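Below: the structure, in structure tokens.
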Amino acid sequence: MRSLAARLSVMSGEGALSVFARAKELERQGRSIIHLELGEPDFHPASPVLDALEKALRAGKDRYCTVSGILALREELAAYLLRTRRIQVDPGNIVLAPGCKLSLFLTLMAIVNPGDEVLYPDPGFPGYASITAGFGGVPVAYELCERNGFQPDPDEIAAKITPHTKAILTCSPNNPTGTVYTDAVQRRIAELAVKHDLYVLSDEIYARIIYGDDYISMFSYPGMPEHTVIIDGFSKSFAMTGWRLGYAVAPPEIAEQLDLLAINTYTCVAEFTQYAAIEALRDTSGSTPKMVKEFSGRREQFARELNEIPGFRCPAPDGAFYAWVNIAGTGMSAEEVCRIMLEEAGVAAIPGAAFGSSGREFVRFSFASSNATLHEAVERIHKVSTAWQGAPAGR
Ligand code: PLP
């Protein structure tokens, strides 16, 4: 039989997408489903962004354009990162891509040789381990434990660095835990990266969605501009998931290779969306702060209400829009709890193991839905929680 590339066999899909598929099937059968499985803001870009898109299209900005992204957008991104993260980046080191995920994919493609080890957070975004393995690399998990407030433990990271380690992946705020890494933790990770000459791939896609102090980028620490690749995009902070707009800010030797990879794959990002993205970054209507304020209110209500469900334990997250709920107290597996919630209550959420083995006893809910919808979801879960209240403790 004809065979396909072996590298695919070590890659995996995403739990969120398979739960979504089942939820959609139930909807087709006429069931009412509350979708709390996908990481997608329930907002849309503000009208100045749509106006800019239309204007660009009418002006004929629908051609092939600069591979790394139009200069006006890269300059605007540099100004935006200075304003919102207090970091000074060179527009020449920014490469746009159709989605943050592709920036991550191509960056790993640019740096990982077979056998290279990449440290990544567990629980974390499923792509980290899958893409690393797809390029023949060895994903090495570092744990985000509940008893440690889901912060990375720099001692654990230090102990896992070997002569084969190439990079450390960080994600603050983290998907799925919502953890904003502390300054002290980030500083120690930065010191390790500089000491061992490693790259840090800093996934900052949720950087604007935080509920506390100012955001600190991994790029800010001494020696880190030469070691950091910032992975970011417009999906979450600007509610533009379907626009497929992401970017990497990379040291010149990587930015150059990202350009080469862009030439070999997507050629350039759609020109008119880049003009609209400039408007999104300027955010003249204050859409991002308004969205974050709304998320902040939901986060408090939702975490409080989830904590009232028997067997559920959930701290309010520091960032992103996910509730990461410890369900060990139900006496059931996260898969079983999610199955009951979806099939019997019509509430779609994701078993935590989809984000790594440390997530086994957790369930992730997205709170990118209105307060009323979230409240109804909790009421529905309350009703079916009798299933586990009667279950014997432990498994
Ligand atoms: N990184 C993290 C941590 C994410 O949660 C996601 C999306 O859920 C991505 C990257 C991918 O972003 P994009 O939709 O821009 O490809």
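All residue numbers refer to positions in the sequence shown, counting from 1. Both counts, for ligands and for their atoms, begin at 1 and track the order of listing. Everything quoted here is computed from the prediction, not taken from an experiment.
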(request) Give a yes or no on whether D213 atom CG has more than 12 heavy-atom contacts from other residues, nucleotides or ligands under 6.0 Å away. (result) no

(request) Take atom NE2 of H382 as the centre, draw a 6.0 Å sphere, and report whether it contains more than 12 heavy atoms from other residues, nucleotides or ligands. (result) yes

(message) Angle between ring planes, F367 versus F295, binned at 30° and 60°: parallel, tilted or perpendicular?
(response) perpendicular

For ligand 1, output the ligand-protein N/O contacts shorter than 3.5 angstrom; if there are none, return none.
residue	atom	partner	partner atom	Å
ligand 1	1 (N)	D203	OD2	2.6
ligand 1	5 (O)	N175	ND2	2.8
ligand 1	5 (O)	Y206	OH	2.7
ligand 1	8 (O)	K236	NZ	2.7
ligand 1	14 (O)	S235	OG	3.1
ligand 1	14 (O)	R244	NH1	3.0
ligand 1	15 (O)	C100	N	2.9
ligand 1	15 (O)	S235	OG	2.7
ligand 1	16 (O)	C100	N	3.3
ligand 1	16 (O)	K101	N	2.9
ligand 1	16 (O)	R244	NH2	2.7

(message) Keeping R364 on the side-chain end and P351 on the backbone end, is there a donor-acceptor pair under 3.5 Å?
(response) no

(message) To the closest 0.5 Å, what do you measure between CE (M109) and CD (Q257)?
(response) 11.0 Å

(request) Drop me the distance from E27's CD to H35's NE2, to the nearest 0.5 angstrom. (result) 3.5 Å

